[in-house]
Colleague: 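Here it is: the structure, laid out below.
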Amino acid sequence: MSNIEFDPRDPRLSYVDARALWALVGVFAAIELALTVADWGIAPNLRGTAFIYGAFWSALLDETLPVYALQPYTMFVTHAFLHGSLIHLGLNGAILLAIGRIIVVGSSQSRAVLIFLLSAIGGAAVYNAFAGPELAPMVGASGGVFGYFAVWKRWELQGYRAAGVSADPVWKFLIGFLVINVALTFVMPNIAWAAHLGGFITGWLLAPALRRAPRPLM
């Protein structure tokens with residue numbers, strides 16, 4: 001791993017202290033495991049209740065009354081801690097840990113958590129801008145995860161430019177990344193593509209301000 005390229009497959013990343021990321025994913029996992037067990041019949045209404053209190057509801061920013069006073073604000077963050085299934089959790093958690101280690105190396109653990117939270121907020125904001133009149137809730141850490149993708153590639157782009165070499169690898173990745181995500185919206189029409197877009201834009205804008213010189217990997 002250099003100042004130009006960051007490879008999430010680099011085995012040295014496994015030695016990076018990423019306790020903050022593991023704690024974040026651990027909270028996601030604990031919540032989803034509790035909801036999954038409840039779905040088996042122990043408390044079948046628990047997931048619905050959790051979504052009522054913690055999911056992102058665009059209607060709450062219009063004329064619908066919230067369940068509690070701060071809900072129109074807290075839901076910009078709390079939605080990222082809820083998932084629709086263990087598979088949904090597993091995908092987001094695995095990507096967050098893989099790309100998140102790059103963010104830790106290029107910034108710090110606390111900044112990695114900050115980037116995640118701000119990207120989740122940005123994702124919810126853009127999701128709300130494109131939301132229709134439906135009352136379906138939006139949940140998942142995808143906004144934060146897409147923020148990590150953006151930070152990773154923005155840092156690489158800066159590295160290529162600083163070295164005076166072609167940044168074609170970054171642009172090719174971003175084009176492929178865009179094509180895949182557009183295709184997913186047709187395969188999975190319920191995917192919150194606007195939240196992905198918002199998280200990515202937020203991460204892209206934050207990347208230069210939150211970077212420091214990458215620490216050498218042992």
Colleague: Okay, side chain of E32, backbone of F28: is any donor-acceptor separation there less than 3.5 Å?
Modeller: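 A pair under 3.5 Å: no.
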Colleague: Determine yes or no for a side-chain-to-main-chain donor-acceptor pair under 3.5 angstrom, with R154 supplying the side chain and A207 the backbone.
Modeller: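 Answer holds: no.
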Colleague: Contact between Q158 and R211 at the side-chain level, heavy atoms closer than 4.5 Å - yes or no?
Modeller: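 When only atoms from C-beta onward are counted, R211 and Q158 do touch, with a gap below 4.5 Å.
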Colleague: Is the ring centre of F173 less than 6.0 Å from the ring centre of W152?
Modeller: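 Aromatic pair counts; centres sit under 6.0 Å.
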Colleague: Do L197 and L91 sit in the same hydrophobic cluster, where Ile, Leu, Val, Met, Phe, Trp and Tyr count as joined when their side-chain heavy atoms come under 4.5 Å apart?
Modeller: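 No, because L197 and L91 fall into different hydrophobic clusters, even though each may have its own neighbours under 4.5 Å.
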Colleague: Tell me if the centroids of the rings in F76 and F56 come within less than 6.0 Å of each other.
Modeller: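 Between F76 and F56, the centre distance is under 6.0 Å.
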Colleague: Do the side-chain N and O atoms of T74 and Y53 include a donor-acceptor pair separated by under 3.5 angstrom?
Modeller: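 Short answer, no.
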Colleague: Taking all non-hydrogen atoms of both residues into account, name the closest pair between L21 and G100 and its distance.
Modeller: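 Looking at all heavy atoms of both residues, the closest pair is CD1-C, 3.3 Å.
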Colleague: Decide yes or no on ring pair (Phe, Tyr, Trp, His ring centres under 6.0 Å) for F149 and F177, but give the supporting numbers first.
Modeller: CA-CA 10 Å; F149 272 112; F177 192 64; 4.7 Å; yes
Colleague: With a 4.5 Å cut-off on side-chain heavy atoms, are L35 and L82 touching?
Modeller: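 The answer is yes, as the side chains (C-beta and beyond) meet within the 4.5 Å cut-off.
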Colleague: With hydrophobic residues grouped by side-chain heavy-atom distances under 4.5 Å, do V145 and V27 end up in a single group?
Modeller: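 Yes.
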Colleague: Transitively linked via ILVMFWY side-chain contacts under 4.5 Å: I52 with Y127?
Modeller: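 Cluster IDs for I52 and Y127 differ.
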Colleague: Students often mix this up, so state it plainly: with edges at 30° and 60°, are the rings of H88 and H83 parallel, tilted or perpendicular?
Modeller: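 Plane angle over 60°, so perpendicular.
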Colleague: With a 4.5 Å cut-off on side-chain heavy-atom distances among I, L, V, M, F, W and Y, is there a chain of contacts connecting I31 to V67?
Modeller: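 Result: no, two separate clusters.
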Colleague: Would you check if the side chain of S119 reaches a backbone N or O of F116 as a donor-acceptor pair within less than 3.5 Å?
Modeller: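 Flag not set: sc S119 to bb F116 has no pair under 3.5 Å.
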Colleague: If only atom types and distance count, is the side chain of R101 paired as donor or acceptor with the main-chain N or O of V16 below 3.5 Å?
Modeller: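 Indeed, once roles are kept as given, a pair shorter than 3.5 Å links the two residues.
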Colleague: Looking only at non-hydrogen atoms, find the nearest pair between A120 and A80 and report the distance.
Modeller: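 The pair with the smallest heavy-atom distance is CB-CB, 3.9 Å.
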Colleague: If two hydrophobic side chains count as joined below 4.5 Å and joins carry through other members, does V37 share a cluster with L46?
Modeller: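 The answer is no; the residues belong to distinct hydrophobic clusters.
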Colleague: Donor-acceptor pair, W204 side chain versus G147 backbone, under 3.5 Å?
Modeller: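 Side chain of W204 to backbone of G147: no pair is present.
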Colleague: May I ask you to decide if A98's main-chain N or O and Y148's side chain share a donor-acceptor pair within less than 3.5 Å?
Modeller: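 No; judged by distance alone, with no hydrogens or angles, the pair does not exist.
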Colleague: Would you confirm whether the ring centroid of W57 sits within less than 6.0 angstrom of the ring centroid of F51?
Modeller: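 Between W57 and F51, which both carry aromatic rings, the centre distance is not below 6.0 Å.
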Colleague: Please report the closest heavy-atom contact between V104 and A112, naming both atoms and the distance.
Modeller: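 The answer is CG2-CB, 3.9 Å.
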Colleague: Report yes or no: does Q109 contribute a side-chain atom to a donor-acceptor pair with the main-chain N or O of R19 at less than 3.5 Å?
Modeller: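 Confirmed, Q109 side chain pairs with R19 backbone.
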